[in-house]
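Take a look at the structure set out below.
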Amino acid sequence: MRKLAPEEIQQLKTQGCAAEDWSIISIFSGLDISKINNVKFIAPVVIHEGVVLKNIPGGIGGCIIKENVLIENVSHIKFEPEASHGVGTMVSVLDETGSRAVCIYPGLSSQIATLMARVPRWLQKLIENNIREFLDSRTTPAEIGENAIIRNCGSIENVFIDKEVKIEGASRLKNGSVINNAGPGKAFTYIGSNVEAENFILEDGKIESKSILHNCYVGQGSVIASGFSAHDCLFFANCSLENGEAHSLLAGPYTVSMHKGTLLIGCQTSFMNAGSLTNQSNHMYKLGPVHWGLMERGVKTSSGSYLMLGAKIGAFSLLMGSHKTHPDSSEFPFSYLFGDERGATVVVPAVMLRSCGLLRDEMKWPTRDRRLKRKLPLFDHVTFNVLNPFTVDTMLDAIHTIEALLTKPADDDLYMRYKGMKFTRAALERAKTLYTLAIFKYLSVTLLDNNFPESDGKTPEKWIDLGGEIMPRSYLEKAKQCEDILEAETIFNDAYENYKELELQWIAQRFGDWWRERREYISLNAKRFDEIVEEDRQQYLQMLTRETEMLEL
């Protein structure tokens, strides 16, 4: 590395370049300076071999430009000393007032983010124990990585740009890190036309076409596009969001929203699919936007659905209509939730279990993992199984709740009420059957030859869904005691790697005599469950055929 020779300075001047002080430029000897045209140098810069710089009228400086970088038609690129590049930004998810903020950094996982947001005192403990040291170890340099391409952009300020990253047509980028962890030639990271982003980290994801982000982390395999607007949001593995907007959203793996007029606000999601004009409300004009809620894994919303937060919607449920009574349907997964004319929630439990679409979802998620085949270190642990200890345990408890409800008479309007929700007796009776068959189905695919493992006599643990990873609650409790992020990650890694063993241990403890005495019926009832799903599939195909015939020329 050396300074420019006088004749090189003269050549750059003839090529339209300028600098108040040419000594701020350092180059490597193999650099071809004939490929630097119409560039203003405004701060110290180091330029490696193979770099091409064209038309940067507002100036470039304060950074290292690595090998084979192409930068052309950019307003300006500048770095200030000690800039954070978005690392350490506090993102106010869930509660917009910031009481559940998440500190973002390269390598942030859905599990750690969920722990920070849902257990605020844990992050506070990290802050008290100098989380700054950890963040310093993750700080990105003032650098543009080798083989990066930056063209036709507006202003870029204090943005680390990793190797092989492409940024084409972005309007304004400020205080961020654009990170590529993929193997050579396999980069997924990209920023496209008219994107505006400030205080952000983009890691192995894409932001495209007029999207606007402020205080956001966009994680591996995620795509933000088509003018989507996000403020104080986190997006983890394989999220896809277009056209609508999000505020204070903690979007776990596979959260999808594709429609204009859709607002996701103040909630946590995973495996969610938001219908057009999905709307959530977190402000009652009393104490500010302090309300937030949970959409457990696999929730779908119909067109025009509305949910007043706080609320908690059970796993793999379908939300339809307007819900204004802060429902908690978490005890009844796989349900249809209808909002009546007064905004109350009518629950039809378990009916989603018979949907052929549920099986399709479980099969398609792994095939749509954009992280694969790129040699990425996978930060987010994702458990794809629809039937797992978390959902099955909830169904087991739901059966007992339903049995208790069925001993009581209905109200005058023929509905039965529980925790502010409304049920019909027929729906509860059907749900008991469907839950039971689904549990038999789970046992048939989990147990070898339908043989239950021996119980050790211990009380079975409750399981949780932590940002897309299914694990025993004890692992969460151990992580909450950690005073170090890496230690907590190790605990979550252990739970993920030992999932099958932990699952069998849970089955041994959770399933008592009633189920063991019916071991010989596991395959039969699993077949009944499959027949119900196949019946739904055939009915759907018949309906589709009728529609196609109706629409033929």
Side-chain angles (χ1 to χ4, degrees), residues 92-97 99-100 114 117-120 232-234 244-252 255-257 262-352 390-391 394 397-398 401 415-423 427 464-468:
S92 298
V93 292
L94 303 183
D95 178 353
E96 279 192 88
T97 63
S99 67
R100 295 180 175 275
T114 301
R118 299 285 297 278
V119 189
D232 283 275
C233 294
L234 307 173
E245 60 180 312
H247 297 266
S248 296
L249 174 68
L250 204 175
T255 295
V256 176
S257 175
T262 292
L263 170 64
L264 303 178
I265 188 168
C267 69
Q268 181 176 359
T269 63
S270 64
F271 301 95
M272 180 194 180
N273 194 323
S276 60
L277 297 176
T278 291
N279 200 319
Q280 297 162 343
S281 174
N282 67 336
H283 202 312
M284 295 183 186
Y285 304 99
K286 293 181 180 180
L287 298 177
V290 298
H291 303 275
W292 59 280
L294 303 175
M295 310 281 271
E296 292 186 342
R297 63 167 43 207
V299 170
K300 298 180 186 293
T301 60
S302 69
S303 297
S305 69
Y306 170 82
L307 179 64
M308 183 180 288
L309 303 172
K312 188 176 183 181
I313 306 303
F316 297 102
S317 293
L318 175 62
L319 191 76
M320 295 168 278
S322 182
H323 301 259
K324 300 180 180 180
T325 57
H326 312 287
D328 176 5
S329 70
S330 59
E331 294 181 55
F332 302 97
F334 305 100
S335 296
Y336 281 2
L337 307 179
F338 298 93
D340 69 11
E341 66 281 358
R342 295 186 177 182
T345 299
V346 179
V347 182
V348 185
V351 71
M352 278 287 285
F390 171 67
T391 54
T394 306
D397 289 341
T401 301
Y415 282 109
M416 309 180 76
R417 285 170 170 79
Y418 177 74
K419 293 188 176 181
M421 297 174 289
K422 298 162 62 175
F423 306 78
I464 61 167
D465 182 352
L466 190 72

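From a predicted model like this one, the values you see are computed outputs, not experimental measurements. One is the number of the first residue; the rest follow in order along the sequence.
Taking Val351 as the reference, Tyr336, Val348, Arg354 meet the side chain to side chain contact (heavy atoms under 4.5 Å, CB included) condition, with sequence neighbours excluded. Judged as a side-chain hydrogen bond (donor to acceptor under 3.5 Å, both in side chains), and not counting sequence neighbours, the contacts of Thr301 are Thr278. In this structure Ile464 satisfies the side chain to side chain contact (heavy atoms under 4.5 Å, CB included) test together with Leu466, Met471, Arg473, Leu476, sequence neighbours excluded. Every side chain to side chain contact (heavy atoms under 4.5 Å, CB included) that Ala350 has, sequence neighbours left out, goes to Leu353, Ala431, Leu434, Tyr435. Taking the side-chain hydrogen bond (donor to acceptor under 3.5 Å, both in side chains) definition, one finds that Ser92 meets it with nothing, sequence neighbours left out. Phe316 meets the ring-ring contact (aromatic ring centres under 6.0 Å, His included) test with Phe334; sequence neighbours excluded. With sequence neighbours left out, the side-chain hydrogen bond (donor to acceptor under 3.5 Å, both in side chains) criterion links Arg118 to Gln268. Take Glu96 and apply the side chain to side chain contact (heavy atoms under 4.5 Å, CB included) test, not counting sequence neighbours, and it matches His247, Ser248, Ile265, Asn282, Pro289. By the salt bridge (charged side-chain N to carboxylate O under 4.0 Å, His left out) test, Asp465 is found to be paired with Arg297, residues two or more places apart in sequence or in another chain being considered.
Here the closest non-hydrogen pair linking Ser302 and Leu318 is N-CD1, 4.3 Å. Residues Asp232 and Val93 approach most closely at O-CG1, 3.8 Å, considering heavy atoms.
Put simply, OG on Ser335 and CE on Met421 are 8.5 Å apart, with the number rounded to the nearest 0.5 Å. Atoms CG and CD, on Leu263 and Glu245 in that order, are 5.0 Å from each other to the nearest 0.5 Å. One finds the OG atom of Ser303 at 7.0 Å from the CG atom of Leu277 (value rounded to the nearest 0.5 Å). Annotation: the span from Asn279 atom CG to Leu307 atom CG amounts to 9.5 Å, rounded to 0.5 Å.
Listed for the Ser270 side chain is no donor-acceptor partner under 3.5 Å among the backbone atoms of Gly467. A side-chain donor-acceptor contact under 3.5 Å links Thr262 to the backbone of Gly275.
Within the 4.5 Å cutoff, no side-chain heavy atoms of Leu264 are placed close to those of Met295. At a threshold of 4.5 Å between non-hydrogen side-chain atoms, the residues Met320 and Ser305 do not count as touching. Counting heavy atoms from C-beta outward, Ile313 and Pro327 have side chains that approach closer than 4.5 Å.
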message: Assess the residue pair Thr401 and Phe332 against the criterion (side-chain contact (heavy atoms from CB on, under 4.5 Å)); give the C-alpha distance rounded to whole Å, side-chain angles, the decisive distance to 0.1 Å, and a yes or no.
response: CA-CA 9 Å; Thr401 301; Phe332 302 97; 3.9 Å; yes

message: Checking Thr255 against Thr269 for the side-chain hydrogen bond (donor to acceptor under 3.5 Å, both in side chains) test, could you report, in this order, the C-alpha distance in whole Å, the side-chain angles of both residues, the deciding distance, and whether it holds?
response: CA-CA 7 Å; Thr255 295; Thr269 63; 2.8 Å; yes

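Enclosure of atom OH in Tyr415 is not indicated, since only 12 or fewer non-hydrogen atoms of other residues, nucleotides or ligands lie within 6.0 angstrom.
Among residue pairs with one or both ends in residues 307-325, those qualifying as side-chain hydrogen bond (donor to acceptor under 3.5 Å, both in side chains) are His323-Thr345; sequence neighbours excluded. Residue pairs meeting the salt bridge (charged side-chain N to carboxylate O under 4.0 Å, His left out) criterion with at least one partner in residues 329-345, sequence neighbours excluded, are Glu331-Lys419, Asp340-Lys422. Residue pairs meeting the salt bridge (charged side-chain N to carboxylate O under 4.0 Å, His left out) criterion with at least one member in residues 263-275: none, sequence neighbours excluded.
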